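Since the structure comes first, as structure tokens, the remarks are kept for the end.
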Protein chains: 2
Amino acid sequence: MIHPIPSGTRDVLPDEMRELRLISDALRKGFEDHGYREVYTPALEYEEVLGRAELAEAAPAYRLFDETGAALALRSDMTPPIARLVSTRYQDARPPLRFCYLAHCYRRVRPARGQSRELLQAGIELIGAPAPEGTVEVLTALCRTLDGTGLKDYRVGLGDASLFGALMARLGVPEHRRAALLGALVRRDFVLLERLVGEIDIDAQARRTLCEGPQLRGGIEVLQQAPGPLADALAGMREVAGRLPRDVADRVIFDLGLVREIGYYTGAVFEVYDPGLGAPLGGGGRYDELLGRFGRPLPAVGFAIGVEKLHIALAGEERGSGAMLR
Amino acid sequence: MIHPIPSGTRDVLPDEMRELRLISDALRKGFEDHGYREVYTPALEYEEVLGRAELAEAAPAYRLFDETGAALALRSDMTPPIARLVSTRYQDARPPLRFCYLAHCYRRVRPARGQSRELLQAGIELIGAPAPEGTVEVLTALCRTLDGTGLKDYRVGLGDASLFGALMARLGVPEHRRAALLGALVRRDFVLLERLVGEIDIDAQARRTLCEGPQLRGGIEVLQQAPGPLADALAGMREVAGRLPRDVADRVIFDLGLVREIGYYTGAVFEVYDPGLGAPLGGGGRYDELLGRFGRPLPAVGFAIGVEKLHIALAGEERGSGAMLR
């Protein structure tokens with residue numbers, strides 16, 4: 001007899017569960033080895049609390065009501081709960097604070113896209129460490145923790161959430177046009193971006209920079225070769241790039257068009273790719289303004305890895321899975 | 001700044017989280033050492049599926065609706081999802097099947113009772129092993145797994161969910177009166193039980209047996225000294241008692257009035273007590289009819305331990321906590 005389960009959810013049977021535990025334990029060990037200590041927050045939060053973060057595409061999808069009629073939501077991301085935790089339980093603690101987590105998050109699914117409604121996320125948050133040092137620390141922890149799981153062929157795309165906004169401002173894109181252009185970039189729809197840019201009354205060179213700049217992607221030379229207006233906006237990325245340890249730098253692909261779906265990022269943003277998986281298996285970035293919205297203004301940076309996605313990537317990397325999962 | 005979290009939920013900070021992980025790992029190791037393999041099921045299930053189990057007091061408290069308008073619920077107990085899993089994914093697997101889990105469950109809280117809305121539960125399910133052998137196996141796994149966490153002073157109360165029903169039938173309690181009497185016993189309200197029994201037209205000896213029988217509690221002698229009508233109903237408990245290994249038997253307190261709040265239990269029921277905690281830290285029993293409601297009729301038995309409750313009990317047992325948590 002078949003009893004359905006909600007679309008986007010699944011049962012994990014023992015063979016897979018064993019591998020997910022091995023991966024989770026390796027991630028947790030990696031985080032702890034870098035000084036991050038695990039916390040857990042309730043899966044249910046007041047909707048008002050989660051609403052303080054601009055979660056955009058990752059906004060909580062499931063609302064429910066408690067016995068008193070208060071609106072609760074299932075967390076869709078661990079960063080806002082940890083921002084709440086810091087401002088409530090660590091009001092006077094001296095930064096930087098280092099937390100890690102391994103927890104399920106819940107998101108809306110679009111039908112027939114194979115999206116997960118319930119995600120197991122493993123991540124870290126570094127609170128109170130500004131760029132560039134904090135960013136370098138987190139990118140280093142990311143790569144070395146992934147190395148510890150046995151993942152071999154991954155790359156980390158590194159961009160800056162403020163870059164395109166700065167570029168639009170500098171090139172004279174009217175404010176009311178900017179959101180549409182950014183939306184096209186978030187969806188990586190360069191055809192739409194070009195059409196929208198074509199409708200704006202700026203010179204041809206500026207148009208070309210707006211369309212081609214975000215397509216620049218590659219090694220450190222990308223930061224040097226970028227056209228004038230863009231090059232000036234790249235100071236932050238260059239500062240991070242210059243401080244990365246060699247093994248981490250070797251993983252990084254500079255991507256001037258990288259913009260994440262979550263709205264709270266302010267500076268460096270990054271995503272992890274692996275040939276074993278057709279989508280990013282995790283990502284993160286700086287959120288220097290989020291903590292202030294919870295009452296303890298501190299710069300911060302973090303990332304989350306999708307544990308099930310990492311599992312697929314490891315299984316896809318024959319040698320990697322041989323090392324870790326057997 | 002204080003941002004509230006829902007009543008009955010809490011943040012787990014690193015020092016406690018570390019201890020909860022140690023306890024969880026010890027429980028998982030104990031389950032696996034006994035041949036139980038871990039599974040995970042979605043936190044969200046269709047309400048209709050969970051509704052097949054008589055969860056009674058532990059019924060799902062949180063309903064929500066997905067994009068299609070289907071009613072979902074947050075699981076309140078892992079046994080119904082595992083019954084669903086067995087009938088869906090293990091339709092043809094040869095029993096017995098042994099599963100374990102470590103997962104959060106969600107329940108309604110009564111205001112100001114200090115109840116938890118979100119519980120971390122660790123447990124096992126043994127599917128396809130009838131009484132008495134299956135019951136003995138699970139009680140043995142329970143005690144030896146608890147031993148592995150370092151808990152020292154616990155006791156296991158052992159009763160039978162069918163006992164009081166059989167007694168009422170045998171002593172001629174009219175059917176329409178039985179639910180009220182059982183309800184009084186579930187709440188351990190012996191004053192109410194006596195009042196209700198006094199209203200029933202049966203002889204004085206039968207009244208005494210109904211009121212005093214469920215208060216019999218102690219060593220193996222309880223099974224021998226029970227008055228006639230009750231003694232006949234104890235065959236099942238005697239069969240289990242006679243097969244328990246010595247170390248397990250030494251932990252057991254026979255409790256002829258033990259009735260659990262969950263309605264799906266059919267035979268042996270048990271609860272774990274520890275002087276370090278004022279409430280049971282876990283429990284379980286036989287649910288020989290539940291699997292049939294999901295389409296694969298098999299006898300079954302299992303238990304769940306509240307990980308946070310076990311943590312409190314361990315902390316309360318000075319020496320125990322010294323062994324495990326340091």
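No experiment lies behind these values; they were computed from the predicted model shown. Below, chains carry the letters A, B, ... as their sequence lines are ordered, and counting in each starts from 1.
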With a 4.5 angstrom heavy-atom cut-off, is it the side chain or the backbone of A:Phe65 that approaches chain B, or both, or neither?
backbone
Charged N to carboxylate O under 4.0 angstrom, A:Asp147 versus A:Arg144?
no
A side-chain contact here means heavy atoms from C-beta on lying under 4.5 Å apart; do A:Phe294 and A:Thr88 qualify?
no
Of the listed B:Arg52, B:Arg28, B:Arg10, B:Glu16, the one with the largest count of heavy-atom pairs under 4.5 Å with chain A is B:Arg28
A:Thr41 side, atom OG1; A:Tyr101 side, atom OH - distance, nearest 0.5 Å:
10.0 Å
Contact check, side chains of B:Leu22 and B:Arg18, non-hydrogen atoms, under 4.5 Å
yes
Has B:Arg37 got a side-chain atom pairing as donor or acceptor with A:Met17's backbone, closer than 3.5 angstrom?
no
Chain B shares the most heavy-atom pairs under 4.5 Å, among A:Thr9, A:Thr68, A:Asp11, with A:Asp11
Checking A:Tyr62 against B:Tyr62 for the ring pair (Phe, Tyr, Trp, His ring centres under 6.0 Å) test, could you report, in this order, the C-alpha distance in whole Å, the side-chain angles of both residues, the deciding distance, and whether it holds?
CA-CA 11 Å; A:Tyr62 301 103; B:Tyr62 300 103; over 10 Å; no
Going from CZ on B:Arg98 to CD on B:Glu125, what distance comes out if it is rounded to the nearest 0.5 angstrom?
13.0 Å
Using heavy-atom distances under 4.5 Å, tell me whether A:Arg63 contacts chain B through its side chain, its backbone, both, or neither.
backbone
Whatever's closer than 4.5 Å to a heavy atom in chain B on A:Ser7 counts as backbone
Winner by heavy-atom pair count (cut-off under 4.5 Å) against chain B, out of A:Glu45, A:Glu67, A:Arg108
A:Glu67
Which portion of A:Glu118 sits near chain B, non-hydrogen atoms under 4.5 angstrom
side chain
Is it the side chain or the backbone of B:Leu102 that comes within 4.5 Å of chain A heavy atoms, both, or neither?
both
Can you tell me how far OG1 of A:Thr145 sits from CZ of A:Phe303, rounded to the nearest 0.5 angstrom?
5.5 Å
So which of A:Pro6, A:Pro4, A:Ser87 has the biggest tally of heavy-atom pairs under 4.5 Å with chain B?
A:Pro6
Could you tell me whether B:Arg21 and A:Glu32 have a side-chain N and a carboxylate O separated by less than 4.0 Å?
no
For the CG atom of A:Leu146 and the CG atom of A:Leu310, what is their distance to the nearest 0.5 Å?
6.5 Å
Residues of residues 70-86 of chain A within contact distance of chain B, non-hydrogen under 4.5 Å:
A:Leu72, A:Leu74, A:Arg84, A:Leu85
Atom group of A:Gln91 that falls short of 4.5 Å from chain B, counting heavy atoms:
side chain
Ring-plane angle category for B:Tyr40 and A:His104, please: parallel below 30°, perpendicular beyond 60°, tilted otherwise.
parallel
